[in-house]
Amino acid sequence: MTEHPTSHEARQPNAARPKAPADPRGALLRTPAQGRSGDPAAPPGAGTGSDEHSQSSTAEPDAPRPRPTPEGVEMQAGSESLSRVPGPAGAPAPRQAGAAMRRDGDRLRFVGAATRRIARGIDLDEIVMGLCRATVPTFSDAILVYLRDPLPVGDERPAGPVVLRLRRTDRIPEDQDTEGTPMPPLQVQPDLSATAELCEVQPGGALAEVLRGVRPVFADAATARAALPELLGDGLAVPDGKHAVLAPLRGRRRVIGAAIFLRRPDRPAFEPDDLLVAAQLATHSALGIDKAVLYGREAYIADELQRTMLPETLPRAMGVRLASRYLPAAETARVGGDWYDAIPLPGSRVALVVGDVMGHSMTSAAIMGQLRTTAQTLAGLDLPPQEVLHHLDEQAQRLGTDRMATCLYAVYDPVSHRITIANAGHPPPVLLHLGGRAEVLRVPPGAPIGVGGVDFEAVELDAPAGATLLLYTDGLVESRLRDVWTGIEQLRERLAATAQLTGPDHPPPLEALCDEVLDMLGPGDRDDDIALLAARFDGIAPSDVAYWFLEPEDATPSRARRLARSALARWDLEDLSDSVELLVSEVVTNAVRYATRPITLRLLRTDVLRCEVGDDVPQLPRLRQARATDEGGRGLYLVNKLARRWGATRLSTGKVVWFEVPRRA
């Protein structure tokens, strides 16, 4: 910064004055530090005149400071110096009045440029950095910004004491002037590197009084002299006189921090009008910080809402392998209405669901969560896909008249190698065959969920082993640069090209296939959220399935044991006979006791041995601890102890009780 003499007699030759540093921007510091280079002290006669001083201020505070004005050269009206330099001694009063007016205009331009820079910040750090970079070195030689820890959000009223944490500092860097001459060190006392990072505001203390008053004050004010040591730490002080300003940062409802503006003792002191500048900077910064904290909390809530609405991991289903991807429309808006799900069903089947709620807001995410929960509940009832969509449509109408969504619901049966699909206005799935051929499945489009009064239709298609079914939302295939059918065709071609890389007998790895599909997106193709669910059909071979119908008779449990023993012998699993026969006998005995129609017994050999017993009684069995005098109630206790997993699922025609036993190596 360049200091001008305040009287004609005190002027020095221009060659004797130090040049302004080439880069006056303040350095980014992690901790406060003693100020660095600046201008030398003014000549002896400089303090005898006016209290005015000259500092550079441009439309952008980062721009280089102007060089000193030569002797006898009038500064133009468009000059961007904060403080106007008066003319020679004895100049007419109108000239001094014009200089004051131009100086006020410079302050207004500085405040406008500084507030614009502060307003550009979105998050907390950007706003605080904007305040520091806008004020150093144009307005002050150093700045310290303290914020409450933790920062209150909205209407929160913290119960604990008010604690201020040093958030950021900035200062004039050690640099050289335009001729390469090192600048003298910034003389700010004390050494600010020793400033305390945390300060607890004492109720009724001097710092609390200054913060309550809201208005910026000079360091030589009575309250500030006691408040600054409390803020900076014991034994520390600031330059004497009006070389420091303490400005509280007040948000919408409370004080959220404080800022200290510092100038070197050899620099001109702050003027009363500079308090107005400090107040403007503090107000804009505090309001920006308040909004940033609210925005950060809202973004956190939206992100957590979206995260909890989507499955953390996909379930392990028999005869199918799953992979998924979810991409938000933008990192700044990580919440939307797209979802995917995989739900295990009775009979080793699995339901595959992909949906898309209109909009990109927390409301859309909340509606998505409600529809996803409804779909899971309906899937547990083992309803047909078209019935699931019908009930989802009714649920969407109960949520509101404008709650619209698209959804595709598919059920895969690994035993029959078939898949049943119902669609509600969603893009059709793509099936990649083992030989590398990719086809868009022809399913009835249906109407979106929420329209009401529409019948949904389901189709049953072959799902051969080794094939891959791809379910997705429209964000993958539709954008401003292409329509949905063009995108679907590009997706089909991309899948076929990827399958050619691994050959006709080996399908591409599932995770790599998902990545390849997302790579088809260009720079302008991310207009919407993307949910992607891929299912590789392995199926269960007929030779690995044993199925029987049994009448509910007293001799049925013994027959079930014999059938299970013969199936295990055929599969070379005789080592499991004892435990499996005992478990089959207990489950079948419970079914025979209450069933009125034939029961079903099915054994499945995959990586585990799975047994399923179905009957026409809807009541689900419950595990309980039998008393010593009870004759029954110990069957499920044995199942729970000997089986790796077990469960019971209610069907529209009854229930299925199943258990799994690990296969020994």
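Residues L620 and R650 have side chains in contact (heavy-atom distance under 4.5 Å, counting atoms from C-beta outward). Between L604 and V415 there is a side-chain heavy-atom pair separated by less than 4.5 Å. Proximity of P507 to R536: side-chain heavy atoms (C-beta onward) are separated by under 4.5 Å at one or more points. Residues L147 and V128 are in side-chain contact: their nearest non-hydrogen atoms beyond the backbone lie under 4.5 Å apart. V451 is listed as a side-chain neighbour of M404, based on a closest heavy-atom distance under 4.5 Å. In this structure, W339 and C407 have side chains that are in contact, with non-hydrogen atoms separated by less than 4.5 Å. Side-chain contact check for R645 versus W658: some heavy-atom pair is nearer than 4.5 Å. Annotation: side chain of T502 is in contact with side chain of P509 (closest heavy-atom distance under 4.5 Å).
How far CD1 of I127 is from NE2 of H284: 12.5 Å, rounded to the nearest 0.5 Å. Atom CD1 of I118 and atom OG1 of T283 lie 10.0 Å apart (nearest 0.5 Å). Interatomic distance, OH of Y637 versus CG of L642, reported as 10.0 Å (0.5 Å rounding). Note that CZ of R325 and CD1 of I530 are 12.0 Å apart. Values are rounded to the nearest 0.5 Å. L389 contributes atom CG, which lies 11.0 Å from atom CG of L383 (distance to the nearest 0.5 angstrom). The CG atom of L352 lies 13.0 Å from the OH atom of Y340; values are rounded to the nearest 0.5 Å.
When every heavy atom of V354 is checked against every heavy atom of H426, the shortest pair comes out as CG1-NE2, 3.5 Å. Closest heavy-atom contact between W485 and D483: N-OD1, 3.1 Å. A pairwise comparison of heavy atoms in L441 and L469 identifies CD1-CD1, 3.7 Å as the closest pair. For A114 against L281, the heavy-atom pair with the smallest separation is CB-CD2, 3.5 Å. Minimum heavy-atom separation, M318 to E660: SD-OE2, 4.4 Å. For the residue pair I421 and A410, the shortest heavy atom distance occurs at CG1-CB, 3.8 Å.
With sequence neighbours left out, D538 forms a salt bridge (charged side-chain N to carboxylate O under 4.0 Å, His left out) with R321. For the ring-ring contact (aromatic ring centres under 6.0 Å, His included) test, residues two or more places apart in sequence or in another chain that qualify with Y547 are F549.
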Exercise. Would V163 and R148 satisfy side chain to side chain contact (heavy atoms under 4.5 Å, CB included), going step by step from the backbone distance to the final call?
Worked result: CA-CA 6 Å; V163 177; R148 290 183 64 165; over 6 Å; no
Exercise. Y472 and I488: side chain to side chain contact (heavy atoms under 4.5 Å, CB included), yes or no, with the steps?
Worked result: CA-CA 10 Å; Y472 53 90; I488 292 175; 3.6 Å; yes
Exercise. Do L310 and D338 pass the side chain to side chain contact (heavy atoms under 4.5 Å, CB included) test, and can you show the C-alpha distance, the side-chain angles, and the key distance before you say yes or no?
Worked result: CA-CA 9 Å; L310 296 175; D338 293 18; over 6 Å; no
For this session: Walk me through it: do C611 and W646 pass the test side chain to side chain contact (heavy atoms under 4.5 Å, CB included)?
Result: CA-CA 9 Å; C611 175; W646 76 278; over 6 Å; no
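Judged by distance alone, the side chains of D393 and Q397 do bring a donor and an acceptor atom under 3.5 Å apart. Between the side chains of D616 and T596, at least one donor N or O sits under 3.5 Å from an acceptor N or O.
Salt bridge R597/D615: absent, no basic N to carboxylate O contact under 4.0 Å. E126 has no carboxylate O lying under 4.0 Å from a charged side-chain N of R120, or vice versa, which leaves the two without a salt bridge.
A 6.0 Å sphere centred on CZ of R398 holds more than 12 heavy atoms belonging to other residues, nucleotides or ligands. Under a cut-off of 6.0 angstrom, the local environment of CD1 in I122 is sparse, with at most 12 non-hydrogen atoms contributed by other residues, nucleotides or ligands.
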Distance-only donor-acceptor hits, side chain of residues 363-370, under 3.5 Å, sequence neighbours excluded:
residue, atom, partner, partner atom, Å
S364, OG, M358, O, 2.9
S364, OG, S361, OG, 3.4

Could you list the donor-acceptor pairs under 3.5 angstrom formed by side chains in residues 433-440, with sequence neighbours left out?
residue, atom, partner, partner atom, Å
H433, NE2, R437, NH2, 3.2
H433, NE2, E439, OE2, 2.7

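Evaluation of the salt bridge (Lys or Arg N to Asp or Glu O under 4.0 Å) test over residues 340-350, restricted to residues two or more places apart or in two chains, returns D341-R372, R349-D382. Annotation: ring pair (Phe, Tyr, Trp, His ring centres under 6.0 Å) contacts involving residues 374-425, sequence neighbours excluded, comprise Y412-F537.
Listed for the T498 side chain is no donor-acceptor partner under 3.5 Å among the backbone atoms of L513.
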